[in-house]
Amino acid sequence: MATLTKQQIGSVLAKQGILIAFVVFIIAFTIANPRFLSPDNILSVVRSSAILGVMALGVTFVVISGNLDLSVGSMMSFSTIVVLDLHDKIGPAMAIPVMFAMTIALGALIGFLVGYLKLNSLIVTLGMLSAIHGLTLTYSGGQNMDIADKEGTWFSVFGQGTAMGIPVPILIFVALAALLGLVLSKTAFGRKVYAVGGNGTAATFSGIRRARTVFLCYIMSATCVATAGLIQASRSLGSQNTVGQGLELEVLAAVILGGASLLGGSGTIFKTVIGVLILGFIQNGLLLMGLQFYVQFIVTWVIIILAVWLDIAAKRGKLWSPIA
Amino acid sequence: MSDPVLRLEGIVKTFPGVRALDGVSFSVMPGEVHALMGENGAGKSTLMKVLGGIHQPNEGHIFMGDEKAVMAGPLEAKAKGIVFIHQELSLAEELSVAENIYLGELPRKSFGRVDWSTLEENTNTILKKLNVGFDATTRVGDLSIANQQMVEIARALTVDAKAVIFDEPTASLTDAEKSVLFDVIADLKADGVGIIYISHRMEEIFKITDRISVLRDGQYQGTVNTRDSNEESVTQMMIGRKLDLSRNASHHELGDVALEVRGLSCGKLYSDISFEVRRGEVVGFYGLVGAGRTEIAETLFGLRDPSGGQILLNGEEVRISSPADAIARGISLVPEDRKGQGLVLGMNCRDNMTLPQVDDLKAGPFVAEGAEIAIFDQYRDRLDIRTPGWKQQVGNLSGGNQQKIVIGKWLSMHPNVLIVDEPTRGIDVGSKSEIHKLLRELAAQGYAVMVISSEMPEVLHVSDRTVAMYSGQIMRTFTSDEVTEDNLIQAISGIKSGQAA
Amino acid sequence: MTLRTTLIASTAIAFAGAAFADGHSPMKIGITQNNVGVDSYQTTYEKAFIAAAEANDKVESVVLDAGGDVARQIAQMEDLIQQEVDAIIIWPTNGEAVIPAVRKAHQAGIPVIVTNSNIAEAGFDFVKSFSGPDNITQGARSAEIMCDKFKDMGIENEAQVVHITGQPGYTTAIERAKGFEDRLPEVCPSVTVVDTQPGDWNREKSQQVMEAFLVKYDDIDGVYAGDDNMGVGALNAAKAAGRDGIIFVGATNFAVGYEAMAAGDYWGSIYQSPVDDAEAALQTAIDVLSGADVPFLNYFDTPKITQDNMGDYTKPVF
Amino acid sequence: MKPGTLSKSLKSGAIWGFIVLELIFFSIAGEFLSLSDKAFMDWENMLLLLKQSAPIGIIAMGMTIVMVNGNIDLSVGATFAIAAIVLLDSMTWPIFAGLGDWVIPVAWLLALAVGAMLGALNGFIVWKTGVDAFIVTLGSMLGYRGIVFMFNGEQPTSHLNWTLVDFAEAEFLGLATASWFLLGVTLVIWFVMAKTVHGRNAYAIGDNREAAVNAGIRVGPHMMINFAIIGFLAALSAVVFYSESGSVNPNDGQLYELWVITAVVLGGTKITGGAGSVIGTFGGVIAIQLLRKGLGHIGADTSTVNLVIGLILIAVLILDRQLNVKGKEELKV
């Protein structure tokens, strides 16, 4: 009986471990500082997590398909700079679709290299991280981009507006999460993404066009990045070339925290959202506790490893690795 | 008689909720070849892991000679003289033959250097015994699968082994290589080594073993002398019922030609292949590994581009450039590598089964899950797939049930042509006969079926006609009246009989 | 080998004065910048430098960028020495780590001019001149701007300030923070700095930091940011949260800061032009090579700019 | 000649061909674009190149072992910074006050020990938890960087010891100290990988971990040793570099992991493990440094450098892919 109970606990932990950890953090931080759970703070954390979150949604597709995307940070800088630049040149109504088209073109290039040419995604996106940064600097001439008329543009609605008292970035994040959650869990495309990531050869032997599926995952990722760039640009109406630098690792950390396996084939949008929120609340909570910024680094380290460790430990039914 | 080299006494191994081994006791005498048989899931591999020190038994003991032996890990098992020849190749492709044979115990010089000259010398001595055509410095990745298997076997000869355990060693060997292997076993036997031989192949078991021990559902069923028993009685011990292994031929009318291949070639893999498959007919493809059978199937399924020739479906010439293409034209392939090519092990049963038609099962923008479950239920019942439910991960099923999922996946596509590559490789006897029966039934229902197999009894049992292949070419096509074991073996060994079909 | 280079270089220097005065062979001046592209100040600096060098037909320039990496900067110093340029201008990535490399140039007889942020004192012996803003004074002036405003508002006895610093580890960030934190208690002893976090010279990062500050502290009267980019990020956060009446003071007046000032949202900053910075550095190098007398600390002026006096200054181009 | 020898030698030679191409390109382009009267392929310049390759190169040797092993280490940049801090800070510790210049070897040893320990910690976590090395070191890349900042806040840690600087700047037989260290480390790691049991086992583990386990190789401790080696080498790189520069910013070494991995992959090491050579990595390191130096030589700006390096990395992958294509008969999966 005792083993059975232990097993049940194990399986609950395995399925909902990350959610439980999340609740524990919230309680701990709330005890430390009651302000933590104030509606203002929650809204503020979710809003500032929205950009990271939107990017993480796309990367979830890429990771489930068994690949990586380290280029999302510099791609986000690119889309932010481009839309800000075009805003004054061709007007926001045109700037937004043009920026999306340009960003998606970059995603298509990566998707082509990884999907159709079957190149290693870690190295391809590492190369693109550098190349897109160069592209952005060339595009902007290294200058900050700012919108001339900051008060008069409706463009600010995506980053600064509210609807029904809720900031628009949150609405975009939630809507996109719901939409992509449905795509991943309910559509044929989503099913194929899992199949390709779980066993690419078997997927091919089942008539799934693997290259096309991977390609579309990078298109998804680029679309999410473009959306994040839009929110970012609209939020600050001006930006530096380095605005997205380093975000690729935070995004990846969020997706991994959510329980997606780097080997592909597992993960969900819901879990990624939890991963994003955990990162956001940890950062915010530590800041509220008045801890130095570097404590965040160390805590994030410990939490990432613990979360992934407990997740795989529950799956294998053993805490310690069987490696001799 | 002398003392046993290895004795198991009441071994019990439990996992949460499962009694994987329940009181297994038998002994292996020096110079004995001892067969261990049982269906998949009967506990053979768990028992091997206990012997190899990967699992510790909950109850019972292992004795080596007179001494009680505790295997704390693979190294200790090896040190005590137990050597494993694994079924799944366990080699490092980038390393040389010598390094693979002595993996884990490379000879050392000062500063931790590898003693290359000793290593090569020792390796070449062993390779000589095995009479193989490669040397110690060859890179393993450059060897054929069969030669890689020989490297695996060579490992057994490196240590002063007391007991050698062969786990399905002949799965990818040619007949010539098999006979070398049997010579090696005979040598070991003569040296007084105890051998445990695990195989599903009855003819081998009866050819080389002295005694047979049988497991069923983790329980020890007993040990019999090989010469006192026969296939039927052993099978009965394993599954508790009789097997039908008679020849088979269609008694129904054959339909139109569903698939015709004319002069198909693919580089060096095969050339000038011509055959046809009618509705209601099972055509068997028999030959050695590497004869080009699987490659033909892969070409028909759009996984390889042919370099010449024609493929006709229902009399119409087609070009098939991808599996999606093949599926759209009604061709289905049950691939030879179930885990690698057939299934996404981390996915559930239902999703695996409906994977090729997920685009067609639509409810608005979404996949129609109700329709999927209906399909799954239908084929679960029809194929008697034993699983707790569609949500079960395929990776948790037994080999036979996994194979049935793959077959169900392709049957549910209602194909014009069903290609089945090694349909029963590595699955237990019970599931095997069920699958054979199913293939016959499918033909009776009017399917055109191609069966590729390396097992002669299987080919003889299920085929209406048998295509014998050798080195990328069709040697001869036999009707079920013509075919005998002898002329089939001659044909696949490259001996022309002059009676082309 | 070292001897040979030294000989060649010192011979070159010996003739330098005369040769350059005649205007025959152009002066080859190499510069290694800190991290071009990280913000528009450095980009504008680079462009201004190239423009100024091109405008002067007595000068040829080799422009290198260390990308923020000390190792790369030291390698670039070595490259410039190896290329036998006549003078080297360095914008240090780390004010101490580059000292040995600067010494090497000195030993090779190549005069070194430090630009924008100075190297540590231990290296002063190997440097001809420093040309750039006085970052400590800048920090101090920002403290004064803020204090004066608090006094105007009459809250100099209770005001609470949060401080957003630049990228951790960069000299400019450290010096400005030091200047601000040393000076503020001198001018406004009752004002407290309640919290300090880095904003990494990044507007977005700074906005996030400020959002957390706003939740944590109900009463924030002033924000000091290490530059206007971060200051505007903090301003955006305050606007979004609907918190009025906060005094924002920054440094390095960027165009965004100037605009925010014009809109009345942002109180003050330090006017520092990368064009002045670049031109001053080049001129210092030319002066050194021409044998003119150059002061060791060659600061260019970086005045205070607030809503009150911003009319006196043109809008920055970066 | 066995089949495949040509394509194999083409592959292992590709990096050297690429280096020659770079040299030719920069020499010619330099004639038109560079200010310097000296040729790019000047002997002194090439010696300088070797020296400047040292910081990345020494770490890349460790990364080769770890990647052949089937793992990866993203935390080397942070380890590099911590070792530098320990090196420079420990020289000022009061307990060592009486040592005079003998504090130098003590500080070196301390820094190297700390580096090896941090590496071993990564390895230990990978071994014991079974979490993928990518995730473990992604985490410690953050965590170790946090430790860097904990040391001295945002301030740089500095200690200029001219004896040390003179040693680091010294030249022996025309080669700088850093160059000697790079060559020495390359030689030692080449020896380990090609000649020793440990090295051969590293290939076996990366190629087929299951096989290695079955053969009784203790995979866990083996991987931990390799992580300790890369930690040690990251520290050695810091020791060599900071002995000369004497001051470390808390964000030093950031992005080093990317440069190092780029060099190792350019050098032909398989990212999935089991294959790779130390000599190839050496070529990769030289190729990268040559590219950076050459682009500076012809006056390319930052954006071009980023663009070119990113594109070259992808181009090399495509080339590698093309060399590995077996022809039309290949199975299309």
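All values below were derived from every heavy atom in this structure, side-chain atoms included, with hydrogens, water molecules and symmetry-related copies excluded. Lettering of chains follows the sequences in order, A, B, ..., and the numbering in each one begins at 1. Remember, it's a predicted structure, so these values are computed and weren't measured experimentally.
Rounding to the nearest 0.5 angstrom, the gap separating the OG1 atom in A/Thr201 from the NZ atom in B/Lys339 is 15.0 Å. Expressed to the nearest 0.5 Å, how far CD of B/Glu298 lies from CZ of A/Phe205 amounts to 5.0 Å. For the atom pair CZ (A/Arg191) and OG1 (B/Thr354), the distance works out to 5.0 Å, reported to the nearest 0.5 Å. Here the OG atom belonging to B/Ser322 is positioned 9.0 Å from the CZ atom belonging to A/Arg212, to the nearest 0.5 angstrom. Atom-to-atom distance recorded for B/Met353:CE and A/Ser206:OG is 12.0 Å, nearest 0.5 angstrom.
Here the shortest heavy-atom pairing between A/Gly207 and B/Pro323 reads CA-CB, 3.8 Å.
For the set A/Ala188, A/Ser266, A/Ala202, the entry with the most heavy-atom pairs within less than 4.5 Å of chain B is A/Ala202. The choice from B/Asp351, B/Val406, B/Leu343 that makes the most heavy-atom pairs within less than 4.5 Å of chain A is B/Asp351. Ranking B/Val367, B/Leu345, B/Asp325 against chain A, the residue ahead of the rest is B/Val367, based on heavy-atom pairs under 4.5 Å. For the options B/Gly342, B/Gly340, B/Gly364, B/Ser332, heavy-atom pairs under 4.5 Å to chain A are most numerous at B/Gly340.
With sequence neighbours left out, B/Trp390 forms a ring-ring contact (aromatic ring centres under 6.0 Å, His included) with no residue at all.
Residues B/Gln341 and A/Thr204 are not in side-chain contact: their nearest non-hydrogen atoms beyond the backbone lie 4.5 Å or more apart.
Looking at B/Glu369, the atoms closer than 4.5 Å to chain A (heavy atoms on both sides) all sit in the side chain, from C-beta outward. With a 4.5 Å cut-off on non-hydrogen atoms, A/Arg209 touches chain B through its side chain but not through its backbone.
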*Worked verdict on A/Asn199 versus B/Met347 for side chain to side chain contact (heavy atoms under 4.5 Å, CB included)*: CA-CA 10 Å; A/Asn199 183 346; B/Met347 265 187 162; over 6 Å; no
